[in-house]
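Reading through the structure tokens given below for one structure.
Chain identifiers are assigned alphabetically (A, B, ...) following the order of the sequence lines, protein sequences preceding nucleic acid strands; residue numbering begins at 1 within each chain. Given the structure is predicted, the values throughout are model-derived calculations rather than measurements.
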Amino acid sequence: IDGPMTASELRRSGILSSFTILRKLEGGILPLGFMKKVDDKKIKDGMNALIVEHSERALLNCLMNKLCKLDTDVLVGHNISGFDLDVLLHRSQACKVPSGVWSRIGRLKRSMMPKLTKGTTLYGSGASPGIMSCIAGRLLCDTYLCSRDLLKEASYSLTELSRTQLNKNREEIAPHDIPAKFQSSESLLQLIDCGETDAWLSLELMFHLSILPLTRQLTNISGNLWGKTMQGARAQRVEYLLLHAFHAKKYIVPDKSIGTSKSSIATKKRLASADVENRNDLHTDEHTEQVKSKKGPAYAGGLVLEPKKGLYDKFVLLLDFNSLYPSIIQEYNLCFTTIERSLDGLPSCLPSSTITGVLPELLKNLVERRKMVKSWLKTASGLKAQQFDIQQQALKLTANSLYGCLGFTNSRFYAKPIAELITSQGRDILQSTVDLVQNVLNLEVIYGDTDSIMIYSGLDDITKARIMAAKVIQEVNKKYRRLEIDLDGIYKRMLLLKKKKYAAVKVQFKDGKPYEVIERKGLDIVRRDWSLLAKESGEMCLCQILSGGSCDDVVETIHSYLMKVQQDMRNGEIELEKYVIRKTLTKSPEEYPDGRNQAHVQVALRMKQSGFSTGCSAGDTISYVICCVQGAISNSGGIAERARHPDELKTNNGNWIIDIEYYLSQQIHPVVSRLCAFIQGTDPARLADCLGLDASKFQHKTFESISNDPSSVLASVLDADDRYHGCEPLRLTCQSCSSSFDCPPILTFFSTSRDSTAMDFENNKETNNDFWRRFCCPRCPEDTEGSKITSAMIANQVKRQAENLISLYYKGIMICDDEMCKHTTRSLNLCVLGDSERGTVCPNYPQCNGHLRKQYTEAEVYKQLSYFCHIFDAKHCIEKLDSNRRVLFEKELKRIYPMINLAFATAQKIRDRCSYGWVQLNDLSVSV
DNA sequence: CCCCGGAGCGC
DNA sequence: AGGCGCTCCGGGG
């Protein structure tokens, strides 16, 4: 009870034993020779006690008597309060088990069976009050409910938890498969084994999570009932904590409001003081506040800073205030007993009282106790250390849950003004900390949420980063009495996508040795409402992005991974499990007003219809996959209509199949695109292309392509001169004399000598016209051997120069825009810091305040490639001419076309890839 | 296009 | 039966 213990320890020491009670199915018999098999097994494997009863009634009798004889203190089971107890008592009722027998399930003798049905199907509800009353005197430990409270998992089924927590496999048997298990001795023994294993797994889970020690500590701190703590009841724990605290100081506590009665509002929320001067009702705002329905928030919460998005590759410091809200309560002496009630609904002011309030003192006490326990923890070891650790956790949990209950409408100690004041102070503290760090210490704050700030150090040296952190901590902590900021982490690399969405490589130390851990916060890949397939793809991208590899490699790896995924999907090589999406029902499926549009509701309704009694009511998580009708051309109908439970798919003879297109476009693509939003060299259109989707649909999605998309309408109205200003000419080399010259745009050939249309070619117009007439090196004398320029040569040059340009782009050379600095670097990683407008902070920061700009931007590369197209775009030139001159040139064109067609096609092919996405290097090998 | 309900995160 | 802040999806008007 005091400390954690593994089930294997218990099993070894032989303290615990198990037994199974079995009965034959109604109208059936046990397999022939079953009893003999059991006896054999008992001798051979030491099989545990098996009791065989002839009827359900006898079985229940036997079990109840066993429980009574054992006089068990704790009943443990996975979803025992939502299923097992319910079944046992309902069947006892139906089988007319005498009251003297069924009441042995608890320690209170009863003569009448209470109402077992739940009043309302509550979200995450445990057993009904009627059932709970039956087990009076025993503790109930539902490992399902406790796991949901203590862990953050995608699924809380015993199977999943056994895997994730205990690293053990659990065999699942569907309810409708159970009768078949009674067919043979072997399968029946197997069924018995599964039943016993489940009992052990649940027990082991209880020990693994230290449920008994932790809830006992929590209960000791708050002074409520242990059984209630085990059922969750966080609000009730805080209620008892405060009841004891105020009672000890001889305050009269507020009445407990009775749930549904509206008239009780007038009498609740009162806190009269024993002190005459404080006898006013504090914080009764019933005249302004209606009974809050599940509408919007009642008051403002924490401050979340606008993140400076991007990928950071130098140390980022994460600082946060230790227990911000409990500290604020102490720092500003916030309590029912110290705050003046504002009558006009305006926010309350900070108290001026010099007498320490009840809440601050209570918290101070909790904090001091925790400090003490933690100091003992340092010198303790083994079981003692584990106990201290649990106690320390319990103290922290209690202190932290107080604030939440002040803002909880149905709490006996509901105090919106206090909760509001706490969060308001929190916002001020965070903002002034940011101001201090940014304006006084001159450091760059890139993000912060409620009680934390992240500082981009710009440093490569972790020791220097630590020194910087220490300096900040010192300066911030100067300002407060009880409030304390501390270093919570050092990130080597960090991808900051949105508010509450980021990932980072955290540097940690074990025995003085550093190691790295990837932290993921809020990203799609940590959410259970995305398919495993999408999350695995996202995970892969994230690891690449945070790997520190070169831009080319990362982009290349991601692209080829996606192509492989698409291929595997289309080949049916991905198992069904990876397509499963999970969503929790917050209500009974029938209660959804717009249930028709919600996939998980539709699936749950069908589950209920097909006879499932569990796993499809409020609080349960529903698994489903999105399907389409095999052979159907279009997928009309909403997503909800096409959602199926994985089992439905297995048994429907293949009419419904996985909707691959949905998973590519609505699962993998959005997840991956969001992660790659700041990665140069790829974009949503390019990623869509890898997944075999219509890339043009995603073209406008990147902010980058919006801000400088050269193919926008604006660019097309410019004259060629302006449009291609600054572009590099296409260089051609003569094979005879090895001299190189610029290939003039074909436009120059069509323009009359009077016009000065060409941009950089005015000085040698003769040569230009000459070139398009002769296709010869301008330097070599006429008819020189090998001075002819062939169509293949031109096309090759286009290809080669485009390749060079793109490779330069991929090298990602960055130049500082500060004239004094002009620092040039090749960004070895794909580091884009901060907002796109901000650009990248110069590595010389803070000596230099400049920003790195890309030597070649996507727009510039695109422009250059467009220029290459323009050089050979004869058709476009012709269209601009009047009819007289058109006739003149058409004859010439027939001669020229064969020369330029290949080059034009080559240039266009490369350019058009960019028009929706980015250049795929592999595709540059145009055959000539 | 905006707005809404629902879910599930972060703190 | 703890709080608010913030995406993100899908559907309807």
Side-chain angles (χ1 to χ4, degrees), chain A residues 119-126 149 152-154 228 231-239 241 257 259-260 292 294-307 318 320-321 323-325 397-398 400-416 418-420 422-424 426-427 430 447-453 488 497-502 519-530 534 581-587 591-602 618-619 621-622 626 637-643 662 666-667 670-671 673-674:
Chain A
T120 48
T121 48
L122 289 162
Y123 169 67
S125 62
D149 235 34
K152 209 192 69 180
E153 293 281 325
K228 288 285 177 186
Q231 285 181 278
R234 280 187 292 207
Q236 208 200 45
R237 251 165 42 217
V238 172
E239 182 184 338
L241 181 74
S257 68
T260 51
K292 206 193 83 177
K294 279 166 277 176
K295 281 286 188 281
Y299 61 94
L303 173 66
V304 185
L305 304 180
E306 190 57 47
L318 172 60
D320 71 355
F321 285 99
S323 307
L324 181 69
Y325 288 172
L397 271 173
T398 306
N400 283 340
S401 50
L402 200 155
Y403 154 76
C405 292
L406 294 177
F408 174 38
T409 331
N410 288 325
S411 164
R412 188 197 284 239
F413 292 95
Y414 176 58
K416 197 184 94 170
I418 302 181
E420 209 169 10
I422 292 169
T423 57
S424 147
R427 291 191 297 275
L430 183 63
Y447 182 56
D449 185 345
T450 310
D451 64 350
S452 68
I453 53 167
D488 195 51
L497 290 184
K498 283 260 163 75
K499 283 179 174 178
K500 297 178 191 287
K501 283 172 191 272
Y502 61 89
E519 270 193 3
R520 306 155 180 82
K521 292 292 168 71
L523 303 174
D524 298 325
I525 55 175
V526 305
R527 295 171 63 96
R528 72 156 155 273
D529 51 358
W530 290 94
I581 301 167
R582 291 188 170 90
K583 229 164 225 173
T584 308
L585 291 167
T586 53
K587 303 189 255 282
E591 287 173 29
Y592 281 83
D594 59 341
R596 290 198 63 78
N597 296 326
Q598 308 215 168
H600 62 311
V601 176
Q602 289 305 305
T621 302
I622 307 295
I626 301 301
I639 212 83
E641 291 172 42
R642 291 156 46 209
Y662 169 83
Q666 307 296 113
Q667 289 274 322
V671 169
S673 322
R674 279 193 281 269

Spacing between Phe408(A) atom CZ and dG2(C) atom P, to the nearest angstrom:
6 Å

Do Gln666(A) and Ile639(A) have side chains that approach each other closer than 4.5 Å (heavy atoms only, starting at C-beta)?
no

What's the separation between atom CG in Asp449(A) and atom CG in Leu305(A), rounded to the nearest 0.5 Å?
8.0 Å

In this structure, how many angstroms lie between the C1' atom of dG2(C) and the OH atom of Tyr414(A), rounded?
12 Å

Nearest-angstrom distance from the residue atom CD of Glu591(A) to P of dG6(B):
11 Å

I need the Leu397(A) CG to Arg234(A) CZ distance, nearest 0.5 Å.
8.5 Å

Would you indicate, yes or no, if dG3(C) has its OP1 or OP2 atom less than 4.0 angstrom from a side-chain nitrogen or oxygen of Thr423(A)?
no

5' to 3', nucleotides 6-13 of chain C under a 4.0 Å protein heavy-atom cut-off (B base, S sugar-phosphate only, - none) gives SSSSSSS-

If you look at every strand shown and take non-hydrogen atoms under 4.0 Å, does Tyr502(A) touch a base, only sugar-phosphate, or nothing?
sugar-phosphate

Does the side chain of Phe413(A) come within less than 4.5 Å of Ile418(A)'s, by heavy atoms?
no

For Val238(A), which contact category applies under a 4.0 Å heavy-atom criterion: base, sugar-phosphate, or nothing?
nothing

Using a 4.0 Å heavy-atom cut-off, does Ala599(A) contact any base of the nucleic acid, only the sugar-phosphate backbone, or nothing at all?
nothing

Separation of atom NE2 in His600(A) from atom P in dG5(B), rounded to whole Å
15 Å

Verdict with reasoning, Lys521(A) to Val526(A), per side-chain contact (heavy atoms from CB on, under 4.5 Å):
CA-CA 7 Å; Lys521(A) 292 292 168 71; Val526(A) 305; over 6 Å; no

Can you see if the side chain of Lys152(A) gets near the phosphate of dG8(B) - specifically, an N or O under 4.0 Å from OP1 or OP2?
no

Residue Ala298(A), side-chain heavy atoms: nucleotide from dC4(C), dG6(B), dG2(C) that is nearest
dC4(C)

Spacing between Arg596(A) atom CZ and dG6(B) atom P, to the nearest angstrom
16 Å

Separation of Asp320(A) atom CG from dG10(B) atom C1', in whole Å?
13 Å

What is the distance from CD1 of Ile525(A) to C1' of dC9(B), rounded to the nearest Å?
13 Å

Which part of the nucleic acid, if any, lies within reach of Gly301(A) when heavy atoms closer than 4.0 Å are counted: base, sugar-phosphate only, or nothing?
sugar-phosphate

Among dG10(B), dA7(B), dG6(B), the nucleotide that comes nearest once only the side chain of Asp594(A) is considered
dG6(B)

Thr450(A) side chain N/O closer than 4.0 Å to the phosphate oxygens (OP1, OP2) of dC4(C)?
no

To the nearest 0.5 Å, what is the distance between CD on Gln602(A) and CZ on Arg642(A)?
13.5 Å

Can you find a side-chain donor-acceptor pair between Tyr592(A) and Thr586(A) that sits under 3.5 Å?
yes

Please report, rounded to the nearest Å, how far the P atom of dG8(B) is from the CG atom of Leu523(A).
17 Å

